[in-house]
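Throughout, residue positions are numbered sequentially from 1 according to the sequence presented. These values consider heavy atoms only, across backbone and side chains, with no hydrogens, waters or symmetry-generated copies. What you are looking at is a predicted structure, and each value in this text was computed from that prediction instead of being measured.
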Amino acid sequence: MPSIHARTEKGAYLDPKLPVEQRVDDLLSRMTVEEKVGQLLCPLGWEMYEITGPESVEVSQKFRDLVKETGAGMLWATYRADPWTRKTLDNGLTPEQAARAGNAIQKYVIENTRFGIPVFLAEEAPHGHMAIGTTVFPTGLGMAATWNPQLIRSVGEVIGREVRSQGGHISYGPVLDLTRDPRWSRVEETFGEDPLLAGRIGGGMIAGLGGGDLSKPNSTIATLKHFLAYAVPEGGQNGNYSVVGKRDLLQNFLPPFKEAVDSGALSIMSSYNSIDGIPCTSNKEILYDITTDWGFNGFVVSDLYSIEGIHETHHVAPTMEDAAVMALNAGLDVDLGGDAFRNLVSAARSGKLDEGALDRAVGRVLKLKFDMGLFENPYVDPKKARRVGDFRSGEVARDVARQSITLLKNDGGVLPLKVTPRLKIALVGPNADNAYNMLGDYTAPQPEGRVVTVLDGLRRMNPGVEIEYVKGCAVRDTLTADIDAAVNAARQADVVIAVVGGSSARDFKTSYKETGAAVVDAATVSDMESGEGFDRESLSLLGRQLDLLKAVKATGKPLVVVYIEGRPLDKEWAAENADALLTAYYPGQQGGNAIAEVIYGMYNPAGRLPVTTPRSVGQIPLYYNRKAPKLHDYVDGSATPRYPFGHGLSYTSFGYSGLSVTSASDGSVDVGLTVTNTGDSDGEEVVQLYLHPEYASTVQPMMRLADFRRVAIPKGESREVHFTLPQSAFEIIGPDYRPMLQKGNWDVMVGASSADIRLSATHAL
C-alpha cells in the first residue's frame, strides 16, 4: 500500500509541548466514527508478521488488510507462542525478532494511516511474558505463597523490562480473582483466597511494572484480571454463573482490584461470568460506576470474545450489534478479539450508539498512548531485547520459587536430608523430570535445558549423591506405568522422593476453543489436568499416582512427597503416610533448583499456603474467612481443612511473646510482639495478624487477615515485629452497603497460620 496518507493530518495532537488532554481533544475532533472504533479494536496479533530473515521481520498481508479494513488501534499476543497459536521455537519470534516485528508494525501504521496513531501491543504476562526466551516465574499461587510483596515487585520489574524492550506496551496480569473452589481450572493463576494477601501481592507486582508512571521506559499498562468474581463459578466450571452477594463483593472481591488500581494499574479486564443475572462484560455498576468512584483513569478491556458472549452465551442481547452497544454503554472500552465492536460503526449510523460514550472510550485509549510517549518514540532498539531472559532475571525466578515452597509435614525431621558420601535417593513420579509440568499455563515453548527439573536440581546441588530416577507413571495416563521399576529403585535407596501432582502443560494434540481455553478430549490422555478449561470434579491424584505412592511406601523407606500442582489437590494419603510433604505449586523455570535447595537444607522453607487445602470435595467451598457461624462436623467427616490458610512449617521453630495493642491519636492501632527463633537453624517466619469483632452490625467472618510480615531471624535471636493498623482495618460493610467503623471489642490474634494463633488480646474501639 503506498504511503500517500502518511500523517496527512498535522494538527495540534502532534505537539508534545501541549497538555495531553488538549492533544486528545484535538485528535478526537478530527477522527471519523470508523477511525474512532478502530482504536477500540484489539484483534489477535500472532499472524500479523512474517519472519523474512534472521534479522528481518515484516508485516504480513493479513495486517495490511486489517489496517485498511478496520484501522485497529491494538494487537493482542503478537509475540505469543504456544500450541494454540501454533508458534514454536522454530517459527516464533526471538526477543530481538519480536522487537523488529513491533517496529515494523508501528512503521507501517504511521506511514499508511491518516493520523499515524501508534498501535498498542498487549501481551500476556501473568507470571512472565508469554513469549520465547523470556523469564518464567512461578504461577500466581506460588507468588502468593511467598507472602513477600517486595519480592513480587522484583518480578514486575523483570516483566516490565522484558515486555517493553521487545516493543510491547500492555501486560495482561496480575490475576486478582479470589478463589474458593479448587475444582476451577485457573486457580494456579490467582493469589489465593484472601483479599488482603491478593491485594498486597498484586500491588507489589503493579509497583514493579512501573506503578502507572508511563514516562518510565520499562513501565507497562498493567491489566487486572478478571472483573469480577470469576473464580467462584457454580460447579467450579470456568465462566459459569457466580453466586455471590453484593456485600461479599464489597468486602472481599473488590478490595484487591482497588488496591491494584491505587498502586497504578491502568487497565482492567472484564470476565466471562455473570453475577445476579448481569454479564460482567455489560455490567455498568462494576465496569463504570465502581471504577469511577475509585478514580480509575485507565481503560476497561473485554476478555477474549466476552462481548460476543453477551449475545451467544448469556443470551441477553438479541444481536451482536446490541451486545457491542450494551458493553460500550456499560463502560467497556476495548474489544479483545476485535470483532464485536466493529458493529459499533453500523450502530452509530442507525442512531443506537451514543457518540459521547464512544468518545469517552477512545479518549481513554489515546490518553495512554500520549502518556507513554508513543507518538514521539514508537520504536525500540532490537539490540536491547537481547537482555530478555538474562541471568539476573533467572535469579529472581529462583528466589521466588524458593520462597514459595511450602513445607506441610516433616515427621521425625526427615528433611532436610542428611547428605552423606553414600546417600542413595530413589526419585520417582511423573513430575520429577518433566520440564513443562513445572511451568503452568500461559507459558511459551522452552529450549532444551532452560527449565530445571527436580532431577536436574538434585544432581546440580549435590553431584556426589547417587540418584536413581524412575518415572513410575504418568499424571493421567494409566497405560504407561512401570511401578515395579520404581519399587525396585526404592528398595535400593536410603530415601524415596516422589514428585507427583498435576500439569498445565499444553501440547499440540490438545484442541482449543476460540478463547484459548483447552477442550477436554476423552480420546487424548495428556498430563494436563489444570489450566484454563480443565475444570475438575475431584481433587484426587489422577492416573496411577496414588498406586505409585502406596507401592514405594510399602518398601519401608523414608518417603518425601513433593506436589507440583496448579490447585490444592487431595493430600489425604500423603498427609497420613508420607514422612515429609511439600508443595511447590508450579515453580517456574528455576523450580528444580529451589526444590533441591529445600530438600538438602541449603534453604530453610518459609512459604505459606495462600489457599485452604480441603480434606475432600464435599467440603467445598472451604475458605478460612467464611462468615459466622462456626462450622460443625459432618456426619461422615470433619469440617476442618487438611491444611489451613497460612500454614507452612520450617526447619526451625519460633516462639511468640509480649503482645501489645495500643491506640494512636489518629485512630490507628499499633500491634507489637516479639518473635524468637528457638530452633537450631536460621529461618524466616511469616507473622500473621487476624481480626474479629465480638459483635457487628452485619454478619462477619470468624477471622480475617489484617496484616502480615515475613521476617528473617537467625537462630537464637529475637525480632520485634510491629503492625500499624489504620482505622479502616476496623471497618465493615454496614447494613446500607457502605463502609462503617465498627465500634466495640475486637479480637486481635497473631500467629503462624489462621489455625495456629499464638497470642491474642481484646481491643476496645
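Between E684 and R608, no side-chain nitrogen of the basic residue sits less than 4.0 Å from a carboxylate oxygen of the acidic one, so the salt-bridge criterion is not met. Using a cut-off of 4.0 Å between Lys/Arg side-chain N and Asp/Glu carboxylate O, R200 and D707 are scored as salt-bridged. The pair R180-D248 counts as a salt bridge, with a side-chain nitrogen and a carboxylate oxygen less than 4.0 angstrom apart. A salt bridge between E157 and R161 is absent, with no side-chain N of the basic residue lying under 4.0 Å from a carboxylate O of the acidic one. A salt bridge links E576 with R642; the closest basic N to acidic carboxylate O contact falls under 4.0 Å. Using a cutoff of 4.0 Å between basic side-chain nitrogens and carboxylate oxygens, R719 and E685 are not scored as salt-bridged.
Side-chain contact check for E188 versus Y585: every heavy-atom pair is 4.5 Å or farther apart. Within the 4.5 Å cutoff, side-chain heavy atoms of P641 are placed close to those of L622.
Looking at D411, its side chain never comes within 3.5 Å of a backbone N or O of D579 through a donor-acceptor pair. Of the possible donor and acceptor atoms, one in the side chain of S271 sits under 3.5 Å from a partner among the backbone N and O of L228.
Taking the ring axis of Y643 as reference, the NZ or CZ atom of K571 does not stay both within 45° of it and closer than 6.0 Å to the ring centre.
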message: Evaluate L689 against L725 for side chain to side chain contact (heavy atoms under 4.5 Å, CB included), listing each step before the verdict.
response: CA-CA 10 Å; L689 171 60; L725 298 178; 3.7 Å; yes
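A donor-acceptor pair shorter than 3.5 Å cannot be found between the side chains of E162 and T134.
Taking the six-membered ring where the residue is Trp, the centroids of Y563 and W573 are separated by 6.0 Å or more.
Annotation: ring-ring contact (aromatic ring centres under 6.0 Å, His included) contacts involving residues 662-700, sequence neighbours excluded, comprise Y624-Y690.
Residues passing the ring pair (Phe, Tyr, Trp, His ring centres under 6.0 Å) test with W184, sequence neighbours excluded: Y230.
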